[in-house]
Amino acid sequence: MNPVITHKPFSMSDPVKSDPVTPLTTQPVAAPPAASAPAAPVEIAFDIQDLCIYYGTHQAIKNVTIQIPAGSVTAIIGPSGCGKSTALRSLNRMHELTPGARHTGKILMKGQDLYGPGVDATLVRRRVGMIFQKSNPFPTLSIAENVLVGLRLNGIRDKSFLNQRLEESLRMAALWDEVKDFLNRPGTGLSGGQQQRLCIARALAVRPEIILMDEPCSALDPIATAKVEELIHSLKAQYTVVIVTHNMQQAARVSERTAFFYMGKLIEYGPTEQIFMNPKDPQTEAYVSGRFG
Amino acid sequence: MLSRYDTYRKFKSSCMSGLAILCAILVVTPLALVFIYLLKMGFSSLNWDFVTKLPKPAGETGGGMANAILGTLELMGLALVMGVPIGLMGGIYLSEYGSPKLNGWIRFGADVLNGVPSIVWGLVGFVLAVAPMGGYSAFAGGMALAFIMIPLVLRTTEEVLLLVPTSYREAGLALGIPRWKITVNIVLRTAMKGIITGVLLALGRIAGETAPLIFTALGSPLWNHSLKEPIAALPIQIYFYAISPFEDQNRQAWAGALVLIVLVFLLSASVRVLSARRKK
């Protein structure tokens, strides 16, 4: 399914080349293997150009240029304080909430400048959802109300539509069977893993195109983590997922591409397998083999 | 086997505990004594007439403080309607929208206003409402009480809103909900019990205020029919009856004081009930 990626990970605009290992001559001409067929260029979810983010005088992100493909899972890894969360939050304009935050550089989401003049941050965030490290269902709302809050507070009233979305979102979050009998219980009455899946259902209910996840499993036990990772797998087809994690094994499990950040810089970015098995940069190698981090 | 130091330490410890218990008793005793005395002096005068009849002319026995009881409730309602929205919006501004520099000044101003003697608010009400309207009125009384409530409600609202975790606001923003809707539907809703507690406490504070009402509501021996008329209130009525030379009126003043303290007690009790339910 994934087109073969060239060895220039930074630029997705290179024409897709056929895998040099596959011998074309032995193949029947009428049915070329999918890998060598000139596939349509992969849609870019985020085109980040020379991004620098400052909190006051401190520079958190230094000249990052990266292109994140749509319809797949991209992981951002790196030691604590390397700027992964900052980079992630800049993708849906959440870093602006910190006083003193400013940036230079461009972020294009599917071709549109996220920070262009006249762009409403609220509309950006409807298209780019976010899951946080600590699950935060609203305490005064029931499970059903939690899931639908994004729709209701944006003016959607049609009951049948809301009910349908409710069930769809909870099913996508693999939570429907567990909560369908008590949708009116308060959202905070669930276990940690269920609460995080509730937050995912809540984010999915507004049907964003892209989902950002900031260490979604760091507060969860292994079983809940496995459920969330399964969920991420199932979302892959329709959504673009960018996940920040400091658990390298998790990055290896869920993502197709991985970016390694260190001290605010993007050190290396490429297919997950390559980053972990065959990293090119010595710092990447040191991190993934556990020598620091 | 206790060493000499251990014995000394235990003795010091019991001394401190004893001192703390003594202080607690010192605080509660006057409270209990006042209440018991009020009960003793006022209970006998509390009867159905007292709660339903208007005051009789000086010198005559009988009658009641019905208009004063109703008047106090009416004035509290007026103060609520006039003061709570302003205090609430101010608290929301400080917590959700303000800038750090300006916030410091606003808080300072509110704290100063909280310490203003209530008689000054009465004068403000006189200047702003009584003089222009040409007469004492319930509206002026409500306004003076509202001035007392505003800084109180503002500070308690701000404190309660700051207690709402930022993660809820972030979650709301990440869903693409406009900021004002997050403030109203999520933040305010989460903090609602705390805000109500603050409002009830402010109401308890103004229930017994006398000085601001003397220049604004004036008091009255009649039922109040319009916001532009003077209105009776329990504290005013108690004051006039207590200093009066007529024994019957003095007797009724005790009963009035009892009713007033029961009212404040009920307000405080409802605050505790609300706080207790929040912990569930």
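The sequence lines fix the lettering, A, B, ..., with proteins before strands; numbering per chain opens at 1.
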Verify the neighbour count for atom [atom1] of [X]: are there more than 12 heavy atoms of other residues, nucleotides or ligands below 6.0 Å?
| X | atom1 | value |
| --- | --- | --- |
| M89(B) | CE | no |
| K236(A) | NZ | yes |
| F182(A) | CZ | yes |

- prompt: Do N136(A) side-chain atoms and S167(B) backbone N/O form a donor-acceptor pair below 3.5 Å?
  reply: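 Side chain of N136(A) to backbone of S167(B): a pair is present.
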Flag the pair [X] / [Y] as yes when at least one side-chain heavy-atom distance between them is below 4.5 Å, and no otherwise.
| X | Y | result |
| --- | --- | --- |
| N154(A) | P178(B) | yes |
| P139(A) | T190(B) | yes |
| K181(B) | R152(A) | no |
| L141(A) | R189(B) | yes |

From F138(A) atom CZ to L175(B) atom CG, the distance as rounded to the nearest 0.5 Å: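 Here the interatomic distance stands at 6.0 Å.
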message: What's the separation between atom CG in L153(A) and atom CD1 in I186(B), rounded to the nearest 0.5 Å?
response: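 Here the interatomic distance stands at 6.0 Å.
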Under 4.5 Å from any heavy atom of chain B, what part of [X] do you find: side chain, backbone, both or neither?
| X | result |
| --- | --- |
| V124(A) | neither |
| Q133(A) | neither |
| L97(A) | side chain |
| P99(A) | neither |
| R127(A) | neither |

- prompt: Can you list the steps and then say if I177(B) with R125(A) is a side chain to side chain contact (heavy atoms under 4.5 Å, CB included)?
  reply: CA-CA 8 Å; I177(B) 301 173; R125(A) 294 180 194 131; over 6 Å; no
task: Compare every heavy atom of R126(A) with every heavy atom of G176(B), then report the nearest pair and how far apart it is.
output: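 It is O-NE, 2.9 Å.
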- prompt: Do you know which two heavy atoms are closest between E170(B) and M94(A), and how far apart they sit?
  reply: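 Distance-wise, the nearest heavy atoms are O-CE, 3.5 Å.
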